[in-house]
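Below: the structure, in structure tokens.
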Amino acid sequence: MKSKSLAKWLISGPPLLYLVLFFAIPSLIMAFAAFRFPGDYGGLLPLTAANPDTGATELLINFGNWRDFLTLENFQRFFEEPIYFELFVKSFWYAGLTTVICIVLAYPLAWLIARSPKKTRDLLVLLVILPFWSNFLIRVYAWMIILGPQSYFSRSLNYLLGLVGIEPVSLLFSQFAVIVGLVYVHLPFMVLPLYANLEKHDMALLDAAQDLGANAWQRFWKVTWPLSLPGVWAGTALVFIPALGMFAIPDLLGGTNSMMIGNLIKQQYLDSRDWPFGSVLSIMLTLTVLLLAALAGWAGSRGKDKR
Amino acid sequence: MALLEIRDVVKTFGDFTAVNHVSLAVEAGEFFTLLGPSGCGKTTLLRMLAGFEQPDSGEILLDGKNMAGVPPEKRPVHTVFQSYALFPHMTVAQNIAFPLKMAGVAAAEVPKRVDEVLEDVRLQQFARRYPHELSGGQRQRVAIARALVNRPRLLLLDEPLSALDAKLREQMQIELINLQKEVGITFVYVTHDQGEALALSHRIAVMSQGQVEQLDAPETIYSYPKSRFVADFIGQCNLLDATITDVQPGRMKVEIEGVGTAEALPVPGAQVGGKGTLTLRPEKIKLGASLPQGGVDEVHFKGRVHDCLYLGDVTIYIVELDNGTLVETMLPNSGSGKAKFFDDNDLVELAWRFDAGHFVLA
Ligand SMILES: Nc1ncnc2c1ncn2[C@@H]1O[C@H](COP(=O)(O)OP(=O)(O)OP(=O)(O)O)[C@@H](O)[C@H]1O
Ligand SMILES: [Mg+2]
């Protein structure tokens, strides 16, 4: 009995320790930072200082002066200036649109892979994950070339647009480019969970549905789609959340007006060096995502009860 | 006009012929069974009736209408799949409502129809359960209810009981017979279990290698098999190679290889010198320590018990005749006072009425 629980701790101990050290503690530090003041040269206003006489580290904060070190101002700023809320909305819109496009593109692909013969299937899955073998930034740079004004793609497109009398468009550095980039980068994360789900579907169910009078459309919406929802949700989590925090793609492919919340957070930490406000933004982002997940879970369980 | 007519249907996969020139007709209200060993093409034939496969040649007529090119969802034919194929994300009631909704039955009427058919299969209290919360037998009944609810012209059942244990299977067989009587829908039932086929069917088509070997009522199939294959496949049977030595009106003589001369009922086409098989069911053979000799109609042999298979209600005796041939017979154990009548090596006598066996020309 005792050795069993010991084994349990030995197995789950290291990953647990890792998570505590590198996830839980940093998160707490960040949460705490959100209530502090920025330092004179960026970063955080220190809470400790070396005593000039003894050289020993001393705590500067105490019960009398804590107001000089802790504040709600950062949160106030977030809620008072509408621009941050607007940026949140825009980021959620980008991430949501990316997720929806990924579902629409990945679903037929995953379905096709799941229905292929075993051998082809493995090859196709390999092709889906193949892009991971090259560096993320290189792949995004490739899109800069493809969408750039000198590319064959842009020139052909603008030529065709010219034929029907539409002004030439500039693809790069636009919201369009950002969405293209987000979809491109996250697509495999939607394909794989969908494929894993669809592959397990019992084909006899589709036969049964057809036998009982369902046409192709009904067979999809009444059988395949509801049974694939776990895969859709898994893919959504894997696409929506990373897309929401993405900063590299808007940086590289986006224009001045396609900034996302991730860019702002990065800006706060690295450029403005306003760590407290960066922390506020991060916390608000995390809280919003958690809230959405909770809402989705609640709606899901309610829907189940109703059936 | 027959409800279902299959005319000279052929289905090949590559160069393998799964269904080979099958013709048959099923009457309305019939419990019709396709019986045959694994791989003989039963499922293939059934899938052509449901519309999942198209015949390479020949035609299938339902109510006189040619079904060629009619997709499964447009056929008034529903199937009970061997794996049940219940929708796991729907409750029992939703599963059963599915075909009604697909057929556009008015929403107000759906619950009533579902309740009715749930009552038929005695599952009212399970309406709100999901399939994974049901036992195998209950799932089976849901599958049948779902296929029946929309009153198809034809219900196809592909080995629906094969996943159930013996006891439950027997119970479900009785339920199926009653259900079919009650709803009056024509059943086409596929099985490789001859006992099941005999118990359930009005008529049986015995299939072998894509062809129908014999199509008859269960009693006829059992007592008058048309071929050695049918005799062997249906029930236990002694297959004795024999040659016809004399043909008289109403009587013929055969020389059974390794046994001796016996009288038998003549069969159409019997000629002196004709070779074939005398098929003899174990239960039609009398067995005793000494049997009254010389019944005119009887064929008589002596032997010794070679093996006994004690089955509780009956015992199967493998009797070795004087010349070494093994014959299988059986005796009920009732009335013996002991557990069974004979033991290994007991000397016994065998007899059967001349018309107990059925001669099959090779
Ligand atoms: N789609 C297919 N492609 C190739 N061969 C097939 C296909 N479907 C069936 N067959 C072959 O056709 C033959 C008949 O198959 P079928 O499924 O009709 O047999 P069955 O009588 O239902 O057997 P069982 O009792 O085992 O279910 C088999 O030899 C099978 O291998
Ligand atoms: Mg089969």
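Predicted, not measured: the structure shown is a model, and the values here were computed from it. Residue numbers begin at 1 in each chain, while the letters A, B, ... track the order of the sequences.
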Counting distance only, does the side-chain N/O of A/R139 pair as donor-acceptor with the main-chain N or O of A/V185 below 3.5 Å?
no

Main chain of B/Y84, side chain of B/R146: is a donor-acceptor contact present, judged purely on distance under 3.5 Å?
yes

Mind running ring pair (Phe, Tyr, Trp, His ring centres under 6.0 Å) on A/F132 and A/F189 for me, showing each step along the way?
CA-CA 11 Å; A/F132 291 130; A/F189 295 103; 5.2 Å; yes

Heaviest contributor of heavy-atom pairs below 4.5 Å to chain B, chosen from A/D207, A/L227, A/V223, is A/D207

Tell me if a side-chain donor or acceptor on B/H89 pairs with a main-chain N or O of A/K222 at a distance below 3.5 Å.
yes

Do we get B/R141 above B/F126's six-membered ring, with its NZ or CZ under 6.0 Å from the centre and within 45° of the axis?
no

Is there any residue in residues 87-110 of chain A with a non-hydrogen atom under 4.5 Å from a non-hydrogen atom of chain B, and which ones are they?
none

Please flag which part of A/Q210 lies under 4.5 Å from any non-hydrogen atom of chain B: side chain, backbone, both or neither.
both

Heavy-atom closest pair (A/A237 atom, A/P242 atom, distance to 0.1 Å) is O-CD, 3.6 Å

Donor-acceptor contact below 3.5 Å, side chain B/H202 vs main chain B/F31:
yes

B/T191 side chain to B/D193 backbone, donor-acceptor under 3.5 Å
yes

Under the 3.5 angstrom rule, does the side chain of B/N95 hit a backbone N or O of B/F87 as a donor-acceptor pair?
yes

So, the part of B/L156 with a heavy atom under 4.5 Å from chain A: the answer is neither

Which residues in residues 48-79 of chain B have a heavy atom less than 4.5 Å from any heavy atom of chain A?
B/A50, B/F52, B/P72, B/E73, B/V77, B/H78, B/T79

Would you check if the side chain of B/R139 reaches a backbone N or O of B/P131 as a donor-acceptor pair within less than 3.5 Å?
yes

If only atom types and distance count, is the side chain of B/E159 paired as donor or acceptor with the main-chain N or O of B/S83 below 3.5 Å?
no

